[in-house]
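Let me begin by presenting the structure, written as structure tokens, before commenting on it.
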Amino acid sequence: MTRLGRFGLLLLVGSVSLPLQSRESQQTDPGEPADGMVVATVASVAEQAVSADPAIPPAVPAEAEPALTPEQIQAEAQAAELAKVRQKSLAWVNEVSGQLPGLRYREQLAQVYHGLGYVPLWQDSFTVTEFEKQLWFLTLAQVSPDFEHRLRQLRHLKQTNDWRQYDLLATDTLLAYLSFIENVRDSRTHWLFGETVPPQIPAPSEQTMTTLMSILERDQLNAFVLSLKPAGKQYHQLMQAIRRMESLAEQPWPVYSERRIIRLGARLRNPDALITILECLGDLTPYQAEQLRASGKKHYNVDLVQAVKHFQLRHGLKADGAIGPQTSAWLVVTPQQRIRLLAINAQRSRAWMSDFPSQLVVNIPGFALKLRLDNQQVFDARVIVGQPKRPTPVMSSRIASVVFNPYWNVPNSILRKDILPKVRYDEGYLYRHHYDVLRGWNSNEKIPISSINWRYVSAKNFPYRLRQQPGAHNALGRFKFNIPNNKSIYLHDTPSKNLFNKDVRAFSSGCIRVQGADELAKMLLTYAGVSEERFAQLAGRQSTRTIGVKPRIEVHLIYQTAWVDEQGLVNYRDDVYRYDDQSKNSPDSEKLASVYKN
């Protein structure tokens with residue numbers, strides 16, 4: 001059992017008048033004769049502080065028990081000592097915190113500060129600045145009012161030079177931040193993808209607490225805080241974009257209002273507003289903007305059309321230069337609103353951080369796929385993703401295999417919602433679309449379609465499996481790409497090629513349809529060692545064949561509505577699943593905010 005250090009005990013009972021001690025001040029003269037007396041005296045006073053603290057329950061004497069073994073006696077003594085240390089540590093936390101509101105992880109704080117001898121943790125100004133900067137970018141995302149109020153309180157304590165309480169609150173906030181990062185990375189939670197961050201973030205896991213203690217014991221807090229930022233250049237690029245938007249947010253934003261579709265030659269009500277917006281967002285250069293203003297023209301001319309086309313490309317719109325409802329909607333998005341979009345997407349990048357050299361990434365709201373092999377971009381394509389009522393999940397996996405001429409085993413959800421209602425009124429639907437009815441999910445025995453009374457069939461009493469035969473008519477097309485997961489999600493070809501021409505491509509039931517699936521299959525299998533001749537043979541057959549992909553290729557299905565592309569341009573996309581709106585209005589947010597009022 002580790003004893004409380006001399007200065008730790010002094011702080012335990014005298015924290016109102018004594019500041020947190022530094023590590024250097026813990027070193028005492030080993031020859032000082034009064035040391036034992038001081039420790040004994042302080043320990044007795046500390047026990048009085050514990051008994052006087054209403055937040056710490058008094059120790060209850062154990063009932064007499066018959067004939068304990070030496071091992072049991074030792075175990076009980078250790079448990080009693082642990083309880084006593086815990087009570088003293090909690091008393092210290094309560095005494096130092098005083099009236100500090102919002103301190104949430106008192107047990108963990110007691111563990112941290114006791115383990116380090118009650119020294120202050122936030123003595124390095126660079127660490128403090130970096131931590132507050134990360135909190136600031138997190139508050140811009142508006143994912144939780146808790147962090148906003150914590151940052152406000154930390155700044156207040158810094159201004160008042162109350163470093164004892166600052167230290168406690170900063171450590172408590174670090175624990176909340178670590179728990180937030182854990183949950184964002186956890187595939188079982190979806191805090192930034194439809195689920196609201198709870199008002200009371202749970203404590204970090206034991207594994208995280210163990211890691212933190214190891215970091216603190218090695219005096220590496222600065223490097224640890226730096227490591228909490230999302231890795232990769234995308235986060236830093238988004239932070240730079242936020243800073244540019246913050247400078248724009250300090251100025252009045254032009255009001256653009258056109259209720260009609262604006263095409264080349266149309267007269268503009270307020271051309272200066274349109275010019276200023278396009279200039280501020282980088283779609284017009286300052287020189288071009290000045291020339292347009294100097295011309296005094298009130299019409300929508302060629303130069304403005306080109307700038308709007310550039311604007312439309314960055315926002316995932318049809319780049320025709322016509323200002324319709326969708327383009328107008330993006331033109332009126334203010335810098336403050338764009339800051340939040342950039343910030344929340346910066347935090348989302350934590351969920352799929354990876355520097356693996358070979359990755360297939362699908363951005364769901366971008367309706368786009370990119371394949372990188374050995375750190376080289378080799379393929380990109382349009383994709384069709386799940387419709388809002390059947391969204392494609394955010395997840396990570398790997399390419400397991402490529403299937404030539406796949407069967408389609410109809411999921412129960414699609415059977416129930418889409419197919420059975422049609423078959424009840426038209427039995428011929430199954431014949432026309434080449435479906436087989438099989439005995440069950442563990443059987444390939446076919447059941448005659450005509451032998452089933454479809455009028456009385458429902459999803460609940462349908463014991464069979466529905467499977468579509470391979471071929472050009474098959475819903476999966478000619479290729480299927482298996483990615484292991486428990487949500488029955490995969491990538492595949494499609495016979496409905498015309499849907500790739502749509503600007504918004506959320507039509508599927510959750511799986512991902514890939515434009516140019518044959519080219520993707522060839523690239524993946526060539527990377528796996530399959531020759532071009534062998535691929536041509538497999539593609540030319542009508543039979544079903546599965547080929548494994550052994551070199552690891554990670555798959556990340558991500559959700560980014562704002563990012564910076566390879567040309568350094570900030571891109572935005574419509575929030576197809578309305579995930580951007582999930583964050584700040586939780587039922588308890590007003591109640592939580594009242595706790596932190598200054």
Side-chain angles (χ1 to χ4, degrees), residues 1-28 34-60 78-124 128 150 153-154 157-158 160-176 178 203-204 206 208-210 212-217 219 221:
M1 180 58 61
T2 303
R3 294 177 54 197
L4 292 174
R6 175 186 176 190
F7 287 102
L9 285 169
L10 287 171
L11 285 167
L12 180 63
V13 296
S15 56
V16 174
S17 59
L18 292 177
L20 288 165
Q21 305 296 313
S22 66
R23 285 185 172 85
E24 290 78 4
S25 67
Q26 281 188 308
Q27 298 175 358
T28 60
D35 195 38
M37 184 182 299
V38 171
V39 172
T41 303
V42 171
S44 64
V45 177
E47 291 171 2
Q48 295 176 15
V50 171
S51 62
D53 191 333
I56 307 299
V60 179
Q78 290 178 346
E81 182 66 19
L82 284 173
K84 189 174 181 180
V85 170
R86 172 184 170 275
Q87 289 177 354
K88 291 180 180 180
S89 302
L90 281 173
W92 180 87
V93 170
N94 292 332
E95 188 72 16
V96 172
S97 63
Q99 300 300 315
L100 187 65
L103 212 60
R104 185 163 298 142
Y105 312 107
R106 294 179 182 271
E107 289 275 358
Q108 289 78 10
L109 289 173
Q111 172 188 343
V112 168
Y113 282 98
H114 168 71
L116 298 173
Y118 302 95
V119 298
L121 306 183
W122 301 88
Q123 300 182 85
D124 182 77
V128 168
R150 284 175 177 273
Q153 186 70 9
L154 284 170
L157 293 172
K158 183 191 291 185
T160 59
N161 291 321
D162 195 339
W163 295 106
R164 292 175 299 116
Q165 292 198 352
Y166 183 97
D167 212 88
L168 269 185
L169 183 59
T171 306
D172 194 72
T173 302
L174 176 62
L175 298 180
L178 291 174
E206 291 185 9
T208 295
M209 289 299 302
T210 300
L212 176 61
M213 288 301 301
S214 176
I215 293 292
L216 295 176
E217 287 170 359
D219 198 17
L221 181 59

Side chain to side chain contact (heavy atoms under 4.5 Å, CB included) between V128 and Y166: does it pass, once the steps are laid out? CA-CA 10 Å; V128 168; Y166 183 97; 3.0 Å; yes
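Contact between Q153 and L169 at its shortest, heavy atoms only, is CG-CD2, 3.4 Å. The two residues L168 and V93 come nearest to each other via the heavy atoms CD1-O, 3.8 Å. Across all their heavy atoms, S89 and H114 have their closest contact at OG-CB, 3.4 Å.
Every residue was checked against the side-chain contact (heavy atoms from CB on, under 4.5 Å) condition with A83, not counting sequence neighbours, and none meets it. Looking at residues two or more places apart in sequence or on another chain, you find no side-chain contact (heavy atoms from CB on, under 4.5 Å) involving T210. Taking the side-chain hydrogen bond (donor to acceptor under 3.5 Å, both in side chains) definition, one finds that S97 meets it with R106, sequence neighbours left out. Legend: residues meeting side-chain contact (heavy atoms from CB on, under 4.5 Å) with Q108, ordered by chain and number and at least two apart, are Y105, L175, A203, M209. For D162, the side-chain hydrogen bond (donor to acceptor under 3.5 Å, both in side chains) test picks out no residue, with sequence neighbours left out.
In this structure, L100 and L157 have side chains that are in contact, with non-hydrogen atoms separated by less than 4.5 Å. Side-chain contact between T171 and Y113 is present, with heavy atoms from C-beta onward closer than 4.5 Å. For the pair L174/L121, no side-chain contact is recorded, criterion being any heavy-atom separation below 4.5 Å from C-beta on. Residues R86 and E107 form a side-chain contact, since some pair of their non-hydrogen atoms from C-beta on lies under 4.5 Å apart. Between Q165 and T160 there is no side-chain heavy-atom pair separated by less than 4.5 Å.
For the atom pair CG (L178) and OG1 (T173), the distance works out to 11.0 Å, reported to the nearest 0.5 Å. Rounding to the nearest 0.5 Å places CG of L90 at 8.5 Å from CD of Q87. W92 CH2 to L109 CG: the interatomic distance, rounded to the nearest 0.5 Å, is 8.0 Å.
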